[in-house]
Amino acid sequence: MAAVVLLAACSKPQTESAPPRPVRAVQVPAGGQVTDQRYAARIEPRHDAALAFEVGGRISARLVDVGDAVAAGAVLARLDDSDLRLRERDLASRLAASEAERADAATALRRATDLRPKGFVSQAELDRARYRSEASAAQAKALSAQLALARRELGYAALMAPAAGVITARTVEAGQVVSAGEAAFTLAQAGEIDAVFDVPEAQRAALPDTVQVTLWTQPEHALTARVREVAPQAEDASRTVRVRATLPVLDTPPALGSSASVSFDTPAPLLAIPASAVLKRDDGSAAVWVMDAERAARLKPITLGPLQGDQASIASGLAPGEWVITAGVHDLRDGQPVTLP
C-alpha cells in the first residue's frame, strides 16, 4: 500500500491541451458578375443656343420655322425698323450741324490766335474762342458715337443665325412686339450630337469612357459614343445623374430628339471584408487570419484593392466562402485552435 502511494506521488500529471480561442469571423461573400446596363437616351445637339433680338420692336417678318435648316448668317426674322431709321437720320443731321459748328469754331480760334499778339483781341476773347472750339469738337465726337450706335442697332433689326444648324424651337410670330433679349428661336448647331441619358447615382463610378448607343430606328447598328460629361450631383427627386455621350460624326446624323438605348458593361465588384481584419506585415504586404477546415488559425497573404469606407476590397488571395477572423488578430499564432462564439 505504501509503495503504491509512493509511486503515485512520483509520477507527473498529464498536461491538458489549451481550449480553442473564441474569435469573431466573417465569411467572404461571393463575387459579382459582369452585368450589362441599359438605359433610355435622347439624341440632342451638343451646342444649342437661344436666339433673341438685341433691340426691341414689332416683328415685321418671320422667315423660318421649327425644323428648318439654316446657314450661318441667314436672316431668321426682321423687326419694323422705321423708328430706328428715323433716329439714324436725326443723329446724322445733328452730326452734320455739329461738324459745321466745329469747323467754324476752329476757324475763329485760329483767327483769334493770330490777332492776339497784335493786340486786336483780348485774352478773354481768345479763351472764349478756345473753349468754343473744344466744346464743339467734343459735341461732334459724342454725336458721332451716337450715330455709330444707332447704325449698329439698325443692323440688330435683322435676327441672324450665328452658325449653321436647325431651328428646334420658335416663340415669336409676325406682328408680335418683343423686348431686347427675349428668346425668339432655339438653334441646334450643326456638328457633334450627344446621347443624353440618366443613370442611378450608385452607377456613376462604374461609367466607362465609352458606351454603345443604339437608335430605336436602327436597332441593328450600334454606335460607340464617348462619355464627355457627367453631372456633378444627382437630381433631388430621382437621385439620378445626367450623362452626355458624344456620337461620332456621321454622313447622315440621327434626327434630333429621336430615342435611343445606351448600354455598357459594369465590372464585377471585388470581394470585400472589414478593414479591421487586415494585418500589415513588416515587409509592407497585407495578410489576414483565416479559419481552416480544422478550425485552426492560418495567416494568409492577400492583395488589397481600394478601400470602401470601413471595408477593404480584396484583389486576390481570398476565395468566396472562406472565414476571415476580424477581432483579436494581433494575438493569434499559426495553427492555433479557434472557435466561433
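The 12-atom threshold is not exceeded at CD of Gln233, counting heavy atoms of other residues, nucleotides or ligands nearer than 6.0 Å. More than 12 heavy atoms of other residues, nucleotides or ligands sit less than 6.0 Å from atom CZ of Arg226. At most 12 non-hydrogen atoms from other residues, nucleotides or ligands lie less than 6.0 angstrom from CG of Asp209. For CZ of Arg239, the number of neighbouring non-hydrogen atoms (other residues, nucleotides, ligands) closer than 6.0 Å is greater than 12. Surrounding CG of Asp282 are at most 12 heavy atoms belonging to other residues, nucleotides or ligands under 6.0 Å away.
Side-chain contact between Val213 and Val262 is present, with at least one heavy-atom pair separated by less than 4.5 Å. Using a 4.5 Å heavy-atom threshold, the side chains of Leu109 and Glu134 count as separate. In this structure the side chain of Ile273 reaches within 4.5 angstrom of the side chain of Val278, judged on heavy atoms. Contact annotation: the side chain of Val324 never approaches that of Pro274 to less than 4.5 Å [non-hydrogen atoms, C-beta and beyond]. For the pair Leu149/Leu91, no side-chain contact is recorded, criterion being any heavy-atom separation below 4.5 Å from C-beta on. Taking 4.5 Å as the limit, some side-chain heavy atom of Leu304 sits within range of a side-chain heavy atom of Lys280. Val338 places a side-chain heavy atom less than 4.5 Å from the side chain of Leu332.
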(request) Please assess Leu84 against Glu88 for the test side-chain contact (heavy atoms from CB on, under 4.5 Å), listing each intermediate value before the final yes or no. (result) CA-CA 6 Å; Leu84 297 174; Glu88 180 200 20; over 6 Å; no

(message) Please evaluate residues Arg85 and Leu154 with respect to the criterion side-chain contact (heavy atoms from CB on, under 4.5 Å), reporting the C-alpha separation (whole Å), side-chain torsions for both, the decisive distance (0.1 Å), and the verdict.
(response) CA-CA 7 Å; Arg85 291 190 180 279; Leu154 182 59; 3.6 Å; yes

(message) Let's go through Ser263 and Gln37 carefully: what are the C-alpha distance in whole Å and the side-chain angles of both, what is the deciding distance for side-chain hydrogen bond (donor to acceptor under 3.5 Å, both in side chains) to 0.1 Å, and is it a yes or a no?
(response) CA-CA 5 Å; Ser263 62; Gln37 303 290 332; over 6 Å; no

(request) Evaluate the criterion salt bridge (Lys or Arg N to Asp or Glu O under 4.0 Å) for residue pair Glu173 and Arg62; output intermediate values, then yes/no. (result) CA-CA 6 Å; Glu173 190 54 84; Arg62 177 183 58 79; 2.9 Å; yes

(message) Run the side-chain contact (heavy atoms from CB on, under 4.5 Å) test on Gln176 and Thr171 for me, step by step, so that the C-alpha distance in whole Å, both residues' side-chain angles and the decisive distance to 0.1 Å come before the verdict.
(response) CA-CA 10 Å; Gln176 181 178 343; Thr171 59; over 6 Å; no

(message) For a salt bridge (Lys or Arg N to Asp or Glu O under 4.0 Å) check, start with the C-alpha distance between Arg132 and Glu101, then their side-chain angles and the critical distance, and finish with the verdict.
(response) CA-CA 9 Å; Arg132 179 187 170 211; Glu101 174 66 19; 3.1 Å; yes

(request) Start with the C-alpha gap between Arg111 and Asp114, add the side-chain angles, then the distance that decides, and say whether salt bridge (Lys or Arg N to Asp or Glu O under 4.0 Å) holds. (result) CA-CA 5 Å; Arg111 185 182 304 112; Asp114 294 338; over 6 Å; no

(request) Walk me through it: do Val290 and Asp292 pass the test side-chain contact (heavy atoms from CB on, under 4.5 Å)? (result) CA-CA 6 Å; Val290 299; Asp292 62 13; 5.7 Å; no

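Residues Ala231 and Val241 come closest through the heavy atom pair O-CG1, 3.5 Å. Residues Asp334 and Leu299 approach most closely at OD1-N, 3.4 Å, considering heavy atoms. The minimum heavy-atom distance between Pro254 and Leu215, with the atom names listed, is CB-CD1, 3.5 Å. Minimum interatomic distance between Ile167 and Asp65 (heavy atoms only, all atoms of both residues): CB-O, 3.6 Å. The nearest pair of heavy atoms linking Leu159 to Ala52 is CD1-O, 3.4 Å. Nearest heavy-atom pair, Ala105 versus Ser136, reported as atom, atom and distance to 0.1 Å: CB-OG, 3.4 Å.
Side-chain atoms of Ser238 never come within 3.5 Å of backbone atoms of Glu235 as a donor-acceptor pair (strictly under, hydrogens ignored). With hydrogens and angles ignored, the 3.5 Å screen pairs no side-chain donor or acceptor of Ser98 with any backbone N or O of Arg94. With hydrogens and angles disregarded, no donor-acceptor distance shorter than 3.5 Å links the side chain of Ser258 to the backbone of Ile43. Gln189 places no side-chain N or O within donor-acceptor distance of the main-chain N or O of Gly165, the cut-off being under 3.5 Å. Here the side chain of Ser144 pairs no donor or acceptor atom with the backbone of Ala140 at under 3.5 angstrom. Here the side chain of Arg58 pairs a donor or acceptor atom with the backbone of Gly175 at under 3.5 angstrom. A donor-acceptor pair is defined here as one N or O able to donate and one able to accept, closer than 3.5 Å; such a pair exists between the side chain of Ser60 and the backbone of Arg78. Between the side chain of Ser179 and the backbone N or O of Glu182, no donor-acceptor pair lies under 3.5 Å.
Ile193 is not connected to Val70 by any chain of hydrophobic side-chain contacts under 4.5 Å among Ile, Leu, Val, Met, Phe, Trp and Tyr, and they are in different clusters. Val66 and Val172 are assigned to two separate hydrophobic clusters, defined by single-linkage of ILVMFWY side chains at heavy-atom distances under 4.5 Å. Under the 4.5 Å side-chain contact rule for hydrophobic residues, Val243 and Leu223 share a cluster. Val196 and Val166 sit in two unconnected hydrophobic clusters of ILVMFWY residues. Membership requires side-chain heavy atoms under 4.5 Å apart, directly or through other members. Following chains of ILVMFWY side-chain contacts shorter than 4.5 Å, one can reach Val230 starting from Tyr39, so the two form part of one hydrophobic cluster.
With rounding to the nearest 0.5 Å, the separation of CH2 in Trp323 from CG in Leu318 is 13.5 Å. Distance check: Leu147 CG to Arg89 CZ gives 12.5 Å after rounding to the nearest 0.5 Å. To the nearest 0.5 Å, atoms CZ (Arg298) and CE (Met291) are separated by 12.5 Å. Between Asp68 atom CG and Leu187 atom CG the span is 11.5 Å, to the nearest 0.5 Å. For the atom pair NE2 (His221) and CG (Leu250), the distance works out to 11.0 Å, reported to the nearest 0.5 Å. Note that the OG1 atom of Thr186 and the CG atom of Leu51 stand 7.0 Å from one another [nearest 0.5 Å].
Note on ring orientation: taking the six-membered ring where Trp is involved, the planes of Phe264 and Phe197 are tilted (angle from 30° to 60°).
For the side chain to side chain donor-acceptor pair (under 3.5 Å) condition, the pairs that include at least one residue of residues 46-55, sequence neighbours left out, are Arg46-Glu192.
The salt bridge (Lys or Arg N to Asp or Glu O under 4.0 Å) test applied to Arg42 returns Glu44, not counting sequence neighbours.
Judged by distance alone, the side chains of Arg110 and Thr107 do bring a donor and an acceptor atom under 3.5 Å apart. Side-chain N/O atoms of Gln139 and Arg102 include no donor and acceptor closer than 3.5 Å. Using a 3.5 Å distance cut-off with no hydrogens or angles, the side chains of Thr240 and Glu201 do not pair a donor with an acceptor.
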